[in-house]
Amino acid sequence: MAGLSYVRVEMLPEREPPVSEVGLIGWLKSNLFSGWFNTILTLISLYFIYALVSSILPWLWSPTWAAQSLNECREIVSDLGKEHGGACYGVIRERWQQLLFGFYPDELRWRPILTLILLFVALAPVLFTEAFPAKMLWFTGAFLFLAPWLMWGGVIWTPLLVAAGLVIGFYAFKFSAGAIGNLAAIILAIALPILWWMFAIGPISQGLASIIPFGIEVVESRLFGGFMLSVWIGVVAIAISLFLGVVLALGRQSELMIVKYLSVGFIEFIRGVPLITLLFVASTLLNIFMPPGTNFDIILRVMIMATLFASAYIAEVIRGGLAALPRGQYEAADALGLDYWKSQRLIILPQALKISIPGIVSTFIGLFKDTTLVSIIGLLDPIGLTGSIRADANWNGIIWELYGFIAILFFISCFSMSRYSMWLERKLRKGHQ
Amino acid sequence: ATLDDVKARGSLKCGSNSGLTGFAAPNANGEWEGFDVAVCRAVAAAVLGDPQAVEFVPTTPKTRFTALASGEVDILSRNTTWTLTRDVDLKFTFVGVNYYDGQGFIVPKALGVSSAKELDGATVCIQTGTTTELNLADFFRVNNISYEPVPIETNAEAQQQYLAGACDTYTTDASGLAATRASFEAPGDHVILPEIISKEPLGPLVRHGDDEWADIVRWTLNALIAAEEFGITSTNIAELSNGTDNPEINRILGTEGTMGEMLGLDAEWAKRAIMAEGNYGEIFEKNIGESTPIGLARGLNAQYKDGGLQYAPPFR
Amino acid sequence: MATMTDPEGGTFRPSMLLYDSRYRSATIQIVALIGFLLLIGWLVNNTVQNLADLGKSVGFGFLGERAGYDINQRLLEYSSNDSHLRASLLGLLNTLLVAVAGCALATIVGVVVGVLRLSSNWLVARIMTVYVEMFRNVPVLLWIVLSMAILIETLPPPSAYRGDEPAANMIVGESIALTNRGIYVPEPLFGRMDEDGGFVSWRHGLGDVSLFGDASLRFDVSLDLIAILATLVAGLLVSGLIRKRADRIQNATGLRPRTWYWRWGVVLIPLVLLLWVLGFYLGKPALQGFNFQGGTHLRNSFIALWLALSFYTAAFIAEIVRGGILAISHGQTEAAAALGLRQRRIMSLVVLPQALRVIIPPLISQYLNLTKNSSLAIAVGYMDLTGTLMGITLNQSGRELETVLLTMLIYLLISLSISGAMNIYNNSVKLKER
Amino acid sequence: MEISDEVAIEISDMNKWFGTFHVLRDINLTVNRGERIVICGPSGSGKSTLIRCINRLEEHQAGSIVVDGTELNSDLKNVDKVRSEVGMVFQHFNLFPHLTVLENCTLAPIWVRKVPRKEAVERAMHFLEKVKIPDQAMKYPGQLSGGQQQRVAIARSLCMMPRIMLFDEPTSALDPEMIKEVLDTMIELAEEGMTMLCVTHEMGFAQAVANRVIFMADGQIVEQNEPHEFFNNPKSERTQQFLSQIIGH
Amino acid sequence: MEISDEVAIEISDMNKWFGTFHVLRDINLTVNRGERIVICGPSGSGKSTLIRCINRLEEHQAGSIVVDGTELNSDLKNVDKVRSEVGMVFQHFNLFPHLTVLENCTLAPIWVRKVPRKEAVERAMHFLEKVKIPDQAMKYPGQLSGGQQQRVAIARSLCMMPRIMLFDEPTSALDPEMIKEVLDTMIELAEEGMTMLCVTHEMGFAQAVANRVIFMADGQIVEQNEPHEFFNNPKSERTQQFLSQIIGH
Ligand SMILES: Nc1ncnc2c1ncn2[C@@H]1O[C@H](COP(=O)(O)OP(=O)(O)OP(=O)(O)O)[C@@H](O)[C@H]1O
Ligand SMILES: Nc1ncnc2c1ncn2[C@@H]1O[C@H](COP(=O)(O)OP(=O)(O)OP(=O)(O)O)[C@@H](O)[C@H]1O
Ligand SMILES: [Mg+2]
Ligand SMILES: [Mg+2]
């Protein structure tokens, strides 16, 4: 079979592909016009885009930025001779600050802005583990106390004393663990700070404030509103629910039946009812559940319910993270003699939380979007504010501009967060391979 | 007691509407303005000496009563109709009526309807969570005609639906109708039908069980009304408080008698209340009167001397 | 027999409560339970005390009282003289209606969009991406109010249909009217003849049967509907038999007989016959007075809520579907193609059965979300459970505690039954692994 | 091991691009019925692509490919015809995880060839026996070892009674112990006279069964020869270099 | 390599069930201080389970296990005590991926033994030097090869200064080149007189360092002997069969 043998003497060079394969034509052919079906789809899509753009663009183009009222807008637009009317941007100009900050005093608006910036600084070491030193996590911890102080104001002592509660808990655990055993020490470490927060903080901080009155102006939460309110409710709820969520997730994974079923019951209950019913609980029932005379303001109550709501979802996210850890990690920790809490704290949770970050971000996006529901119980979040703005005789009857503005705000923030979480997910997946 | 709480707090918590043209709405600076708002400001001025010392808590029809019952607000001044059940069953005290209203209908002129009884089969926009829907159901049942209710959360949305023709008629308190109509592009194309199908005495309310506080709010409101009756206005009040021939004016302004002390306040309480936003008439004119875009006539809310129902009991 | 390791039953020391694995878990659990009971007790105690202070009592008697308000969209007959309980029942039915309709539409849209996102057509894929991102990243409440606004502002009012030269016309043979009060479509009716014809047919409907007398839970059962359903089910059964037979023939001979016309036939022909016997006809809506009369009225509130919920949820479902299809490795499709299977068979025999396992669990949790989100109905005045029980009833009766808790309980039951169904499904289709 | 004169596959002047990347260049190859061809070459040289063009998992842009007398062009009927004649075994098995082994094997015969189920099952069992795993028929692929899975994949292809089999690195995803199982199966197939094209780097296999070894580089056929000559006396420099690497490995 | 008379581990009549499955049956085993024992046996014979019972990663249900004078029972203090005396190395290393090598090694000394950080670091470096990877201390486990990871795992255990070390197939997840690194480390350890129990099929290792080889099958100890005898002159049929497989492999 000598005919079989063949040797190429000269290597062929690379050749240009046929024109139908590359370049604009190739691209069009393979992406838009491959086959009659795709061609039809393309044409329909083009028409759809044309119809959409041609109906919206003329409306969007409307020089009404300076208008003082809807009627003025209407005049400007009809002077232009536009058929289908035009947008009235005057309301955005007049009210954008309100939509962003609610009734937060003008001269203090640097505080929420600063808080937002610091939030990013605080999140950086968590969200971008590689790029930032782990030392910055200290700031993240401090931020938890700094942020409420910046937002609500008051004397500096209150947040410091609240933080001191944690320190008390920590040392209570550390020093009593040897003497009375871990479990009792944990109970003590939980009980002491709570007592401290409930009874000691008020008088002490007053006392300190009278000696060294260092503080910033108090801003009451009823002045919170607009987009800032949404962000703030979301951030507070997620931050606190992280702790609750970890506890619930551990509870749900626990081998102890009662603990497990309590956690499952709580999680399933919260996840089984609509957020709006929880908000109704906040607005109508929470005060009834509290001891007579306690009076949280409505925003605090909403935050409490939003926190409970988020913690159930976070618990499920973290449970996923815990389940993703190989058994070997638990066993290795056991074999080294670490007890349950130490192995959770040092080995399991750091890894599980890291895996859970994309899920946590998604939960946050969901919660953040859901904060708009507070408008239904009368809080002035952006959607709630549209009602108040339209109650102003000047802007009575305005719709699209406000909704559009709010939609864009939400879109920008949620979209960027979801991109981040997708990026992180991809990175984690790569890291695991 | 509420009074002590308010004084200790240094501010009055007032439940308000989250947005009703002319009655309560925040302006571009975030300050609340409106007819109902003015009542709260007057009370704050009387009690605390500062009409700005009010925290407004926006409430919805559904959350307003809980807010008051749970102590979240000290006073609810939010176009709330005084009814027996609210007074007795829900356990609130209505301290008076700051606006006599009634439920009416607005229709486009083009519809050619001149009486509500001709609305058989019409689609009716109503704001939910109020007495309105009950009145409406009763009215149509009694007249044996049918209708299609379209429940709506806020006045702004109702207005939008009505204007677009999604309902034939919009029903709410006549004051609201007028306010709404005022903001239309062409108010003249719409008529408010003559039938007023209910009595809607709107007034501020407080919790049962704290009569001292109820008295303060009640008499602050009365002082505003009486001030109009006696011609005390925010412009001449300084002059009048130097003393006048009219003993009742003197008693109101605290130059005679100890009425302030009886209420647990000081002598100038009513003077401050009136100075806050003016007397009842001034408040009316400024927020919803004929000179405003809302353009409500005094009608039932005129002083009794002018044939209205506003009648302040004597300061004596 | 070796000794068991708990011999020292007698020597119990208190420290063993914490340091003995036999007692430790019991100790912790009892502590947890006591803590929990204390918390509950504290809450109940506060509540009782607060209610006493407010002079309120707890009870569900108010549910039997006259509701006094009207509900525009009602699946059962209702008037303002009915009780709050019945109003709540109507609300619940409305919730279920929009939930079921929403899930159905969301699934259809979601699947289409998810598949189109994978399309080789660049433009279509891009448009779908934009759709998904737009809907996912804007709050659903905003979508609900926006769709309501769009419906109201873009569709003509009924009055536009009036006059000699109306500004708007009914579509599909003068039978459907799109108005900004909703859509009027023909309604199915039985046995009544044309109004003008004096001829009285022997054909007539079977009428209704009322159950539960006058109670709040009463409802009418349409015998016509039952007859139709029975025929339909019977037809489907027969059709199933035909399919089985086709399977058998295929198994025996390898050739699958063409049966689709049979299968449609046995379902449709008896149905058409039955409809004819019952004197079925479509009642077309017609403009009368202020509104269209006759026909079924799909109200704007329903449509806006339905569309917004569906399209919002569909964006998530699209991602799930896309993920599910992408999760099936390209190798699977290639292997099937290399075996000579056609595109359609590859989809139905290889890709879908696998993708469904990935898709269905998250899909069901989206159904759950949609059901829960339907509680935002109040934003557009759709009278669902939140609008009735936790809305007007709460407001009229002042019973916050009872109404809110009852509402939560009902939603919880709905959610639990959906997720229970999901668990059963999940367990039944798990892929077998080593 | 006899080779007829009939042509099974005829590839002439075939070219293929991925975008602007010229991945197959002027391929000319004639495979006779009963021939067993091994294709080797460095990674990225286009071996897989060539194989995949033969049953049109990839489309070529110039030249012609005629399989069993049917030209592969945009006519879908031809594609179907060719695919049902040509079996393919992939590196990663690509079994259908939701179907049992038996169902994997009967799926295509039933739906493509319209074979009665009973016959399809019999046939499947026949080939499962041939690959020595009839006892696994009721298990799911996930429950089998890699070697077993690959043998199922071979059986699955065989159930379509193809006249030509293509293998794309069938053993490279397997653990060493399992490679032998699979190679044995392939050798058996070869001995029965199946036309085979196999991309593999198992030199032992090539020497044992191949009629011809083709060496590809840069998308071209650089050298072909019968195995003995090819391995012991490579002509082209590229081939020498490649072989030295493989053996050194 | 001397063995004291002191008893390090004493297992008597120990039984264990997984559900209804009787996995360990009447195990009796005495290990003296300094002994080095290799356990082998077919897969599923309960070797891992036995080892894991010794530091109570699994609970036994009958009989007794006394480690270093402490009986393993439901008293958690005893469990803690035993675990801090007994080091364990797993098949899949189970290093903590979020901590550096050094942190992996110092974690337990600091948190369990309450050793000052500085001392813990010194000790860790000492053992890392012993396993010949002091230069990797600042890396994360993911950046190391399998053999290096397993040596870190050994160092991590040693940092707790255990008196007994347990190994569960420490080399079976490794590539051949890396196995040697790890075995060398283990041999070194053995030479220092550490008490060791090692599940492994590395016969070379067993012959080099073990005092005793134990063969398990079906949850029972079937045969034990000193290595030379065990390999060259197995008594039981099961053992012979097993050994022939291992060597044939
Ligand atoms: N779908 C594709 N799109 C673009 N380029 C591709 C595609 N598939 C393969 N290629 C490129 O074509 C070249 C040849 O790929 P091919 O898979 O045929 O190589 P191979 O010889 O089989 O290599 P290996 O031995 O690694 O499998 C490679 O450079 C590869 O990157
Ligand atoms: N957690 C468990 N629950 C139930 N059965 C188990 C569990 N762990 C192990 N088994 C069973 O116990 C038996 C012994 O397992 P073990 O892991 O001890 O075997 P082994 O001798 O180490 O085998 P290998 O050499 O494969 O590691 C096996 O049949 C295994 O399936
Ligand atoms: Mg390849
Ligand atoms: Mg093992």
Side-chain angles (χ1 to χ4, degrees), chain A residues 27 30-32 34 38 41-42 44-46 48-49 181-184 187 251 255-259 262 268-269 271-278 280-281 284-285 287-292 294 365 368-373 375-376 383 386 399-400 403 406-407 410-415 417-418, chain C residues 15 18-19 24-25 27-33 36 42-43 46-47 49-51 53-54 116 119-124 127 133-134 136-143 145-146 149 153 368 371-376 378-379 386 390 394 400-401 404-405 407-409 411-416 419:
Chain A
W27 187 87
S30 62
N31 288 307
L32 293 181
S34 56
N38 264 336
L41 275 185
T42 305
I44 294 176
S45 309
L46 283 176
F48 171 77
I49 294 175
N182 264 346
L183 186 69
I187 294 175
E255 289 159 4
L256 310 173
M257 291 288 272
I258 295 182
V259 174
L262 287 180
E268 292 305 325
F269 172 71
R271 285 160 46 96
V273 300
L275 177 58
I276 184 72
T277 58
L278 293 177
F280 264 84
V281 169
T284 61
L285 297 187
N287 272 341
I288 296 186
F289 292 152
M290 291 291 127
T294 11
I365 297 176
F368 178 53
K369 283 186 296 177
D370 281 348
T371 54
T372 50
L373 268 58
S375 63
I376 292 180
I383 294 191
T386 58
I399 314 166
W400 307 108
Y403 286 156
I406 298 167
F410 272 100
F411 180 81
I412 292 173
S413 23
C414 294
F415 183 71
M417 283 188 283
S418 75
Chain C
S15 74
L18 279 183
Y19 295 111
R24 182 186 165 95
S25 68
T27 316
I28 298 177
Q29 301 200 58
I30 289 171
V31 169
L33 190 64
F36 175 70
W42 183 69
L43 290 177
N46 288 340
T47 311
Q49 217 171 325
N50 278 317
L51 287 178
D53 289 355
L54 292 175
L116 285 184
S119 156
S120 60
N121 188 316
W122 181 87
L123 194 60
V124 171
I127 290 178
E133 295 298 351
M134 229 170 70
R136 278 202 313 181
N137 290 313
V138 172
V140 62
L141 180 59
L142 201 53
W143 282 121
V145 292
L146 264 174
E153 299 285 328
L368 259 174
T371 309
K372 287 188 284 170
N373 281 338
S374 74
S375 59
L376 300 182
I378 32 175
T386 5
M390 208 173 75
L394 181 157
E400 302 93 358
L401 190 70
V404 172
L405 290 186
T407 311
M408 288 174 110
L409 185 71
Y411 275 110
L412 192 62
L413 287 180
I414 299 177
S415 301
L416 288 183
S419 53

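In what follows, chains are A, B, ... by sequence order, proteins preceding strands, each numbered from 1.
Here A/F269 is the residue among A/F48, A/F269, A/F368 with the most heavy-atom pairs under 4.5 Å with chain C. Chain C forms more heavy-atom pairs under 4.5 Å with one residue of A/V281, A/I44, A/I383 than with any other, namely A/I383. Residue with the most contacts toward chain A among C/V404, C/L405, C/L142, C/L368: C/L142 (heavy-atom pairs, distance under 4.5 Å). Residue with the most contacts toward chain A among C/I414, C/L409, C/V145: C/V145 (heavy-atom pairs, distance under 4.5 Å).
At a threshold of 4.5 Å between non-hydrogen side-chain atoms, the residues A/N38 and C/S120 count as touching. You'll find the side chain of A/V273 stays beyond 4.5 Å of the side chain of C/K372, heavy atoms only. Contact check for C/L146 versus A/W400: side-chain heavy atoms found under the 4.5 Å cut-off.
Shown here are the salt bridge (Lys or Arg N to Asp or Glu O under 4.0 Å) partners of C/R136, two or more places apart in sequence or in another chain: C/E133. Remark: A/N287 engages B/S70 in a side chain to side chain donor-acceptor pair (under 3.5 Å) (not counting sequence neighbours).
Separating the CD atom in A/E268 from the OG atom in C/S419 is a distance of 6.0 Å, to the nearest 0.5 Å. The line from CG of C/L376 to CD1 of A/I376 is 5.0 Å long, rounded to the nearest 0.5 Å. The OG atom of C/S375 sits 7.0 Å away from atom CG of A/L373, with the distance rounded to the nearest 0.5 Å. The CE atom of A/M257 sits 12.5 Å away from the CG atom of C/L33 when rounded to the nearest 0.5 Å. To the nearest 0.5 Å, the span separating CG on C/L141 from OG1 on A/T371 amounts to 10.0 Å. Taken from CD1 in C/I28 to CD in A/E255, the straight-line distance is 11.0 Å, to the nearest 0.5 Å.
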*Show your reasoning for whether side chain to side chain contact (heavy atoms under 4.5 Å, CB included) applies to C/V138 and A/K369.*
CA-CA 7 Å; C/V138 172; A/K369 283 186 296 177; over 6 Å; no
*Stepwise side chain to side chain contact (heavy atoms under 4.5 Å, CB included) test for A/I276 and C/T386*: CA-CA 9 Å; A/I276 184 72; C/T386 5; 4.3 Å; yes
*Could you check C/W42 against A/F289 for side chain to side chain contact (heavy atoms under 4.5 Å, CB included), going step by step and ending with a plain yes or no?*
CA-CA 8 Å; C/W42 183 69; A/F289 292 152; over 6 Å; no
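For A/L32, the parts lying under 4.5 angstrom from a heavy atom of chain C are both the backbone and the side chain. Of the atoms belonging to A/T372, heavy atoms from both backbone and side chain fall under 4.5 Å from chain C. In this structure, the portion of A/L262 lying under 4.5 Å from any heavy atom of chain C is its side chain and not its backbone. Only the side chain of A/S375 has a heavy atom closer than 4.5 Å to any heavy atom of chain C. Proximity to chain C is absent for every atom of A/M417, based on heavy atoms less than 4.5 angstrom apart. With a threshold of 4.5 angstrom between heavy atoms, A/I49 approaches chain C through side-chain atoms but not through N, CA, C or O. Both the backbone and the side chain of C/L43 come within contact range of chain A, judged by heavy atoms closer than 4.5 Å.
Checked by atom type and distance alone, the side chain of C/N137 never pairs as donor or acceptor with a backbone atom of A/F411 at under 3.5 Å. With hydrogens and angles disregarded, no donor-acceptor distance shorter than 3.5 Å links the side chain of C/E400 to the backbone of A/L285. In terms of modelled atom types and a separation under 3.5 Å, the side chain of C/N50 and the main chain of A/M290 share a donor-acceptor contact.
When every heavy atom of C/E153 is checked against every heavy atom of A/I399, the shortest pair comes out as OE2-CD1, 3.7 Å. Here the shortest heavy-atom pairing between C/M408 and A/L278 reads CE-CD2, 3.3 Å.
With respect to A/S45, the side chain to side chain contact (heavy atoms under 4.5 Å, CB included) criterion is satisfied by exactly one of C/N121, C/L116, C/L123: C/L123.
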